[in-house]
Amino acid sequence: MDLKKMIQITLVTGIALVAISCNNGQKQKAADGLLLQDVTLIDGNGGKPQIHTDILLQGDSIAVIGQNLDTTNMKILDLNGKTIMPALISDHVHIGSLKGTANKAEYYTEGNIRTQLNKYQDYGVLNIMVMGSDRPLLFEKGIRDRSVAGNYPGARLHSAAYGFGVPKGAPPIEFAMDYVYRPEKPEQVAAQMDSLTKLKPDFVKIWIDDFGGKYKKMDPAIYKEIILQAHQRNLRVAAHAYYLSDARQLVVDGVDVIGHSIRDNVIDDALVQQIKAKGVTYIPTLSLDEFAYIYARKPEWINDPFFKASLQPGVYEMITSEKYQNDLKNAPNYATNIKAFETALKNLKKLYDAGVLIAMGTDSGAMPLRAQGFSEHLELELMVQAGLTPLQAITVATKNAARVLLIDKEFGTIEKGKTADLLILNGNPVSDIKQTRSIYAVYKAGKEVSRGPIK
């Protein structure tokens, strides 16, 4: 064989070896990832849990779900006995102005926002919707945009920016609500809506309630105009409501979300069918109504470290004091609050059974009593108390909540290609919904970010 031919053969062989090496490298790179091995999987779709399941995470996403997956080149995390479910999503919270035993405008700082976003994350809540109580800082510093993009610590923050309330009425201005629009007549709404639209809110929040008779209610002509102007700008409207009569009018006027339970009466069948036919979402916020009276009864979770870790400094001492508990018992609205909670449970079950879209929200952070993070786990328990199964409650708090935020293509269920926002539990909430509190780890976009709130 002459020298020229030998050189040609050597070159061809070398090129082939390089190509094989490159291809092997590509295969190895594609296979690399974190394998969560041998778990019980609750995927958020409502079906029966899948046992002895493997979940392969690559980058920030779920790459493969199956059994006995190939472990070559994998980092393996043996999770035998553990349960994995989607991270929780809360479609009605408030954040930033809560500190200690009060909500004040001056508490709304970036440091406080970060702390509270991290708290939600510790509790496995990785997307939150702040319903109309945000302030300019959030937008001026780009916090909302960075957070939604995943480039900010803690739970992702979605915002309704500044809501619409009543002059000298709800929401109470002393609760850091001085950036709420308060139109005195319908003609003012369009300009205010133009101002709000510049902030690109996920929702328009309206407070129409009288807060137990303390304030004047919003004029129906005004909230009808708010809904009209919002829809003209492709914005959805979420209403803070309490009374059945108001809910009936809101549905007629085209509201998109009823942001609290109807609590004065059981919803009639005709309204149930209207709500369903118009595609209105219902967010029951049951924990809010239990918090309104339950501390007088010393609930079984009052000394649970999982609950206590969620509280601001000084709140535990306040709610366990004899004076506070006696004041609750002796308050003129104590019996009314208990009845309101019981009515809320009935309405949730009735609407759920009728096929109305139910999503989780809690109003946590609006008051010190409504503990951020813990409220979301309590809400699951209360939904089960209302008659939902644990799997149904979990779907409400994951898949449904993501759907309402229009983020369900990426979040809310554990499926191939979706972002790996996961809650890994020591127990199984199918047998006991309170096992969502047995947090082993929280994964945000494929990375472990917390071992739960109890340090």
Side-chain angles (χ1 to χ4, degrees), residues 91-92 94 97 103 105 129-136 139 159-265 267 271 274-275 277-283 285 288 340 361 363 366 404:
D91 285 350
H92 187 162
H94 298 277
S97 62
N103 288 71
M129 176 70 212
V130 182
M131 276 292 190
S133 58
D134 281 321
R135 301 176 68 81
F139 307 102
S159 176
Y162 319 140
F164 284 79
V166 181
K168 299 180 181 178
I173 198 164
E174 61 269 23
F175 279 79
M177 296 291 188
D178 49 313
Y179 272 92
V180 172
Y181 298 104
R182 299 177 188 269
E184 296 180 346
K185 50 188 178 181
E187 292 77 14
Q188 296 174 319
V189 171
Q192 292 172 339
M193 194 68 70
D194 283 338
S195 174
L196 176 64
T197 302
K198 293 175 183 176
L199 299 175
K200 299 180 180 178
D202 293 279
F203 281 96
V204 176
K205 169 71 177 292
I206 57 174
W207 284 267
I208 70 162
D209 188 19
D210 63 3
F211 281 46
K214 288 173 65 177
Y215 303 109
K216 179 183 175 182
K217 291 167 68 171
M218 182 180 282
D219 181 346
I222 290 178
Y223 66 69
K224 183 176 182 178
E225 185 67 17
I226 292 170
I227 294 169
L228 175 65
Q229 294 294 334
H231 287 176
Q232 287 179 356
R233 294 160 178 78
N234 296 314
L235 294 171
R236 296 173 294 160
V237 180
H240 173 119
Y242 183 100
Y243 301 105
L244 179 59
S245 58
D246 291 331
R248 188 172 284 113
Q249 188 60 50
L250 283 163
V251 171
V252 168
D253 289 338
V255 78
D256 301 284
V257 175
I258 297 175
H260 291 290
S261 288
I262 302 308
R263 289 157 278 179
D264 65 324
N265 282 293
I267 299 176
L271 181 57
Q274 271 189 297
I275 290 171
K278 289 201 167 191
V280 178
T281 299
Y282 190 80
I283 301 178
T285 63
L288 170 156
D363 211 8
V404 173

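- Of all the heavy atoms in A221 and P186, the pair that sits closest is O-CG, 4.0 Å.
- In this structure a side-chain-to-backbone donor-acceptor pair under 3.5 Å is missing from D256 to A238.
- Between P167 and E184, the shortest heavy-atom contact is CG-CG, 3.7 Å.
- The residue from Y243, Y242, Y215 that alone fulfils the side chain to side chain donor-acceptor pair (under 3.5 Å) condition with D210 is Y243.
- Residues I275 and I258 come closest through the heavy atom pair CD1-CD1, 4.2 Å.
- Across all their heavy atoms, A241 and I262 have their closest contact at CB-CD1, 4.4 Å.
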task: Begin from the C-alpha positions of R135 and D178 and carry the test side-chain contact (heavy atoms from CB on, under 4.5 Å) through to its verdict.
output: CA-CA 9 Å; R135 301 176 68 81; D178 49 313; 2.6 Å; yes
task: Apply the test side-chain contact (heavy atoms from CB on, under 4.5 Å) to residues I227 and H231: give CA-CA distance (whole Å), side-chain angles for both, the deciding distance (0.1 Å), then the verdict.
output: CA-CA 6 Å; I227 294 169; H231 287 176; 3.5 Å; yes
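- For the atom pair CG (L228) and CD (Q232), the distance works out to 4.5 Å, reported to the nearest 0.5 Å.
- Under a 3.5 Å cut-off, the side chain of K278 and the backbone N or O of V251 do form a donor-acceptor pair.
- Interatomic distance, D363 CG to T285 OG1, rounded to the nearest 0.5 Å: 6.5 Å.
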Trace of the side-chain contact (heavy atoms from CB on, under 4.5 Å) decision for Y223 with V237: CA-CA 10 Å; Y223 66 69; V237 180; over 6 Å; no
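- A side-chain donor-acceptor contact under 3.5 Å links Y181 and S195.
- Side-chain contact, S159 with D134: a donor N or O sits under 3.5 Å from an acceptor N or O.
- In this structure, the ring of F211 has its center less than 6.0 angstrom from the ring center of H240.
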task: Check the pair M177 / W207 against side-chain contact (heavy atoms from CB on, under 4.5 Å), numbers first and verdict last.
output: CA-CA 11 Å; M177 296 291 188; W207 284 267; 4.0 Å; yes
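- Scanning both residues, L196 and A161, for their nearest heavy atoms gives CD1-CB, 3.6 Å.
- In this structure, Q249 CD and I208 CD1 are separated by 9.0 Å, a value rounded to the nearest 0.5 Å.
- Without hydrogens or angle criteria, K217 side chain to V166 main chain gives no donor-acceptor distance under 3.5 Å.
- For the atom pair CG of L244 and CZ of R263, the computed distance is 12.5 Å after rounding to the nearest 0.5 Å.
- Side-chain contact between M129 and V257 is absent, with no heavy atoms from C-beta onward closer than 4.5 Å.
- For the residue pair Q229 and E225, a side-chain donor N or O sits within less than 3.5 Å of a side-chain acceptor on the partner.
- For the pair R182 and G169, the tightest heavy-atom approach, listed with the atom from each and the gap, is NH1-O, 3.2 Å.
- In this structure, the side chain of K224 does not engage the main chain of D253 through any donor-acceptor pair within 3.5 Å.
- Atoms CD1 and CZ, on I226 and F164 in that order, are 5.5 Å from each other to the nearest 0.5 Å.
- Comment: D219 does not engage K185 in a salt bridge, judged by the lack of any side-chain N to carboxylate O separation of less than 4.0 angstrom.
- V280 has its side chain out of reach of L250: every pair of non-hydrogen atoms, C-beta onward, lies at least 4.5 Å apart.
- Taken to the nearest 0.5 Å, the CG atom of L235 stands 5.0 Å off from the OG1 atom of T197.
- In summary, of the residues considered (R236, M193, R233), a side-chain contact (heavy atoms from CB on, under 4.5 Å) with V204 occurs for M193 alone.
- Contact check for P201 versus Y162: no side-chain heavy atoms found under the 4.5 Å cut-off.
- Side-chain contact between S261 and Y282 is present, with heavy atoms from C-beta onward closer than 4.5 Å.
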